[in-house]
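In each ligand, atom 1 is the first atom listed, and ligand 1 is the first ligand listed.
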Amino acid sequence: NKESSSSRGALIVLEGLDRCGKTSQSGRLYKYLDEQGHSVESWRFPDRNTGVGQMISSYLANESQLDDHAIHLLFSANRWEKRSLMEDKLRSGTTLIVDRYSYSGVAFSSAKGLDIGWCKAPEIGLLAPDLVAYLDISPEKAAERGGYGGERYEQLEFQEKVARSYSALCDPSWKVIDATLPVVDIEKKLREVVLDCMMACQKGKPLSQLWP
Ligand code: TMP
């Protein structure tokens, strides 16, 4: 059948603190893969274009207030509303580069003191990434980069808590890349791990679900 005869795309997730350089690296990676002739798309969460995404966006801009649990579930719902499209794309051979995913969901909400098991529960059944690349930077270094845009979570003290949450979530399969290296070096390391991962997916690595 079609599914077993054609190779699938890879689900690549980039994670890290605010100002770690994820967004510019996902842009560079997208451009590279696209130019190499791969079928690839660049995604991000929160996806602010949906109705749920607009609620999240207004919360992040401090234009609305929400209970910590409620906003957590909205971030998760925002991933669920894209799940079937995500699966269709992957199965039809498109690689997705995703800027933030369930790990951001759990890291940011558990940094507020919510129970980690409770935070993980609504993510169960979403597609598991084939690769998590963590761009590693200390909260202090990230803050020095400036450009904290004044959104709700862009404060040193909170980012320190998020960094601790990410450490608790990080597992040996994550590719941790030093985000303080020169941009081109990060780009090179990222390409290497991504190309390996895409190859494994082409060779038949099955799609799986959170949490493995
Ligand atoms: P962004 O700056 O990458 O658009 O993300 C907006 C903020 O939302 C960022 O501080 C991380 C946070 N966030 C969560 O708290 N939970 C989530 O599930 C996601 C995807 C992001």
Who are the side-chain hydrogen bond (donor to acceptor under 3.5 Å, both in side chains) partners of Glu192, not counting sequence neighbours? none
Within 45° of the axis and under 6.0 Å from the centre of the six-membered ring of Tyr148, does NZ or CZ of Arg19 qualify? no
Please indicate whether Lys189 has more than 12 foreign heavy atoms, meaning atoms of other residues, nucleotides or ligands, lying under 6.0 Å from its NZ. no
Do other residues, nucleotides or ligands put more than 12 heavy atoms under 6.0 Å from Lys161 NZ? no
What about Phe108 and Tyr153, are their ring centers closer than 6.0 Å? yes
With Tyr103 as reference, evaluate Phe45, Trp211, Tyr166 under the ring-ring contact (aromatic ring centres under 6.0 Å, His included) test and give the passing residue. Trp211
Contact residues of ligand 1 with a heavy-atom cut-off of under 4.0 Å? Asp18, Arg44, Phe45, Pro46, Arg48, Leu60, Phe75, Arg79, Arg100, Ser104, Gly105, Phe108, Tyr153
